[in-house]
Amino acid sequence: MSVITVERKILAKNDELAEHNRNLLKQNEIFTINLVSSPGSGKTSLLEKTFETLGSKVDISVIEGDVQTSLDAERVANYNVPVVSIVTNGACHLEAKLVQDALSNLDLEKTELLFIENVGNLVCPAGFDLGENMKIVLVSTTEGDDKPLKYPKMFRNSEAMIINKTDLIPYVNCNIETLKNNALNVNPGLKIFEVSCTSGAGIKEWCNWLVENVRTKHSHEKQLMY
């Protein structure tokens with residue numbers, strides 16, 4: 001019983017800090033994505049393809065979470081994208097306080113789109129609000145087609161799902177229609193993208209959707225100011 005009490009207190013404090021983050025990001029008209037997935041599904045590769053495709057169309061910043069090492073943050077920095085690395089030293093998810101600290105190290109006035117690359121894990125990141133606009137879950141065909149059924153909370157709490165490594169479909173045991181149906185059974189409102197970070201297939205559609213959301217965010221916030 002005491003464990004449940006402590007957990008509730010932790011989540012309540014996290015939600016309070018997440019709301020602070022949300023207000024800060026809203027004031028600066030920043031569209032913020034919390035990118036979640038299993039390890040190795042291709043979050044950093046997706047970011048790299050996104051940088052290459054968007055170029056200077058959108059001002060992007062990244063908060064890079066990892067259990068150990070700053071290797072992924074170094075890959076992001078190679079694209080001259082502002083990045084703050086959070087090494088959790090074993091913790092399996094990011095919390096709102098860590099993101100709050102990272103935001104203080106970014107130039108928010110020069111950021112339109114913020115990616116928070118969460119720690120690779122389909123369990124814990126689903127329960128922690130970081131102040132983002134939306135969670136987007138990335139799955140790869142090499143993981144099979146049953147992940148939405150095994151980790152429903154992550155898919156239920158996400159607004160979009162990106163299926164990566166579609167170029168490997170002929171070689172893996174994954175039926176992409178079954179994967180999509182499993183995800184939509186958990187969350188009928190999921191927006192779905194099919195991409196390959198190797199061939200580049202689907203990346204343009206993903207980036208067009210990002211630009212549309214950034215513009216909508218700016219338009220909406222300006223309306224609220226009048």
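Bear in mind the structure is a predicted one, so any value in this text is a computation, not a measurement. Note that these values count all heavy atoms, side chains included, but never hydrogens, waters or copies made by symmetry.
With sequence neighbours excluded, the residues that form a side-chain contact (heavy atoms from CB on, under 4.5 Å) with E109 are N28, D107. With sequence neighbours left out, A18 forms a side-chain contact (heavy atoms from CB on, under 4.5 Å) with R22, A96, D129. For the side-chain contact (heavy atoms from CB on, under 4.5 Å) test, no residue two or more places apart in sequence or in another chain qualifies with N173. Legend: residues meeting side-chain contact (heavy atoms from CB on, under 4.5 Å) with N80, ordered by chain and number and at least two apart, are absent. Every ring-ring contact (aromatic ring centres under 6.0 Å, His included) that F193 has, sequence neighbours left out, goes to W206, W209.
Here CD1 of I63 is found 5.0 Å from CD1 of I116. Values are rounded to the nearest 0.5 Å.
Among pairs with a residue in residues 183-197, those fulfilling side chain to side chain donor-acceptor pair (under 3.5 Å) read D167-S196, K180-E194, S196-S199, at least two apart in sequence or across chains. Within the structure, ring pair (Phe, Tyr, Trp, His ring centres under 6.0 Å) contacts touching residues 118-155 (residues at least two apart or in different chains) are H93-F128. Legend: salt bridge (charged side-chain N to carboxylate O under 4.0 Å, His left out) pairs involving residues 54-64, not counting sequence neighbours: none detected. Among residue pairs with one or both ends in residues 79-98, those qualifying as salt bridge (charged side-chain N to carboxylate O under 4.0 Å, His left out) are K97-D101; sequence neighbours excluded. For the ring pair (Phe, Tyr, Trp, His ring centres under 6.0 Å) condition, the pairs that include at least one residue of residues 53-92, sequence neighbours left out, are F51-Y79. The salt bridge (charged side-chain N to carboxylate O under 4.0 Å, His left out) contacts involving residues 148-157 comprise nothing, where partners must be two or more places apart or lie in separate chains.
With 3.5 Å as the limit, one finds no donor-acceptor pair spanning the side chains of S70 and S85. There is a side-chain donor-acceptor pair under 3.5 Å between N34 and N118.
With side-chain heavy atoms closer than 4.5 Å counting as contact, directly or through intermediates, the hydrophobic cluster containing Y171 also holds L168, V172.
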